[in-house]
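These numbers come from the heavy atoms of this one structure, side chains and all, not from hydrogens, waters or symmetry mates. Per chain, numbering begins at 1; letters A, B, ... match sequence-line order.
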Number of protein chains: 2
Amino acid sequence: MISVSHTTSHAIRALACLAGCADPPASIKDVAACADVPQAYLAKIVKKLNDSGIIESKRGHKGGIWLARPAKLISLLEICIALEGDDFLGTCLLGSECCSDDRDCPTHQFWMKNRELIRREFDRIKLSDVLAFYRERGLHHMPTVEELAGSGLPFASE
Amino acid sequence: MISVSHTTSHAIRALACLAGCADPPASIKDVAACADVPQAYLAKIVKKLNDSGIIESKRGHKGGIWLARPAKLISLLEICIALEGDDFLGTCLLGSECCSDDRDCPTHQFWMKNRELIRREFDRIKLSDVLAFYRERGLHHMPTVEELAGSGLPFASE
DNA sequence: TATATTGTAGATAAAAAGGTCTATAATTAA
DNA sequence: TTAATTATAGACCTTTTTATCTACAATATA
């Protein structure tokens, strides 16, 4: 299947939740519930995002995680690279190992151009765009403090 | 990683070998050696290609496999679909399940167009093109009867 | 300081993809 | 008809990816 890995997909949803969080930090538990990602798995994803400087964290009571920068300054590209490495787009669309710029595999020229298109698109799309989309659709919405009051929602911190 | 599956990659090389085979049928064993695909695994791939009408086969002494049609009439698209299913390009680049034409995920519009580009490219490229590329590069070349005479090559059937 | 709460780390497990092995059925040719 | 050869079928194993579990370290607050 031609798409981003399942792990990266989790990460994008989780980060969008963080971006929409009204009063950071948010706990991994709350974000996991909001983004529909297994909590323990999100904890591992969090480490990578932390190492790459996309989020920051603090342990202990009232601790949690938050975006290291405004959502407008975090691109999908950066997230993909953080989780799958710099070559997440792959060299050869056909999985061949002989492909390089001086050896034209049948899809090479096409893929070189197209890969660049995808890269640029991923660089253009920011976390804020993803958040806006989710908000429009009422998806993966991180509840505000007011909304939480007595709501009984699973991610009610208080 | 954004590319075709490893299995599909194997299949494309194997089919290119078949396309270049001077005197079909060729045994799975010979094709496996030529295409650098594990023999037993190729046997499984062969079944799918057979079911999809891309190759035909005959068992027994002097049996083997061969292309069901000329290499010019077999596209990469067809091969991908045979092995990974009709939706091998995926619906959402971000792996989201809420994506559909009336709900625009941040990459949706982009991906709809781009996916179509890839699809068209895969439809345009035929097995004959892949063979031509391999021939140019001296890769995955199915030896002719003459070349085999006394060559001691592993895929020498005689 | 004691305790509850939170992220961190590492072992473990389940699922999926890739790959191997063995037995069998079909076919040819001696 | 027998033996050799080939695809076929299905069980099984390995690796990678995804996910869980357990113990632990840090922090805030009562």
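- Between D:dT20, C:dG18, D:dA9, one nucleotide has an atom nearer to the side chain of B:Lys47 than all others, and that is D:dA9.
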**Asked** Between B:Asp86 and B:Arg119, does a salt bridge (Lys or Arg N to Asp or Glu O under 4.0 Å) hold up when you go through it step by step?
**Response** CA-CA 11 Å; B:Asp86 200 21; B:Arg119 199 178 184 87; 3.4 Å; yes
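- Heavy-atom distances to DNA chain D give each of A:Gly60 and B:Ala43 a nearest nucleotide, and the one nearer the 5′ end belongs to B:Ala43.
- Between A:Ile79 and A:Leu127 there is a side-chain heavy-atom pair separated by less than 4.5 Å.
- When the nucleotides C:dG19, D:dT8, D:dT5 are ranked by their closest atom to the side chain of B:His61, D:dT5 comes out on top.
- Relative orientation of the A:Phe122 and A:Phe88 rings is parallel, given thresholds of 30° and 60° on the angle between their planes.
- When distances run from any side-chain atom of A:Arg59 to the nucleotides D:dT29, C:dA29, C:dG7, the shortest one goes to C:dG7.
- A:Lys62 has its NZ atom 9 Å from the C1' atom of D:dT29, to the nearest Å.
- Atom-to-atom, CD of B:Gln39 to P of D:dT6 comes out at 10 Å; the value is rounded to the nearest Å.
- With rounding to whole Å, A:Ile45 atom CD1 is found 14 Å from D:dT17 atom P.
- Remark: P of C:dG19 and CG of B:Leu42 are 12 Å apart, rounded to the nearest angstrom.
- Proximity note for B:His6 (side chain, C-beta onward) versus C:dT8, C:dG19, D:dC21: the nearest is C:dG19.
- The interatomic distance linking B:Glu84 (CD) with C:dA16 (P) rounds to 16 Å, in whole Å.
- Relative to the side chain of B:Pro38, the nucleotides D:dT5, C:dT5, C:dT20 differ in distance, and C:dT20 lies closest.
- With rounding to whole Å, B:Lys58 atom NZ is found 8 Å from C:dT27 atom P.
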**Request:** Could you please spell out the steps behind the side chain to side chain contact (heavy atoms under 4.5 Å, CB included) verdict for B:Leu77 and B:Arg120?
**Result:** CA-CA 8 Å; B:Leu77 180 63; B:Arg120 261 184 229 152; over 6 Å; no
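- Residue A:Asn50 places its side chain closer to C:dT8 than to any other of C:dT20, C:dT5, C:dT8.
- The B:Tyr41 side chain lies nearest to C:dG18 when the options are C:dG18, C:dT27, D:dA28.
- With the nearest nucleotide of DNA chain C identified for both A:Gly63 and A:Lys44, A:Gly63 has the one nearer the 5' end.
- Atom CD1 of A:Ile65 and atom P of C:dT8 are 8 Å apart (whole Å).
- Judged purely by distance below 3.5 Å, without hydrogens or angles, the side chains of A:Ser52 and A:Glu78 never pair a donor atom with an acceptor atom.
- Closest contact between the side chain of A:Ser27 and the listed nucleotides C:dG7, C:dG18, D:dA28 involves C:dG7.
- Between the P atom of D:dT17 and the CG atom of A:Leu83 lies a distance of 13 Å, rounded to the nearest Å.
- Between A:Thr7 and D:dT18 there is a side-chain polar atom (N or O) within less than 4.0 angstrom of OP1 or OP2.
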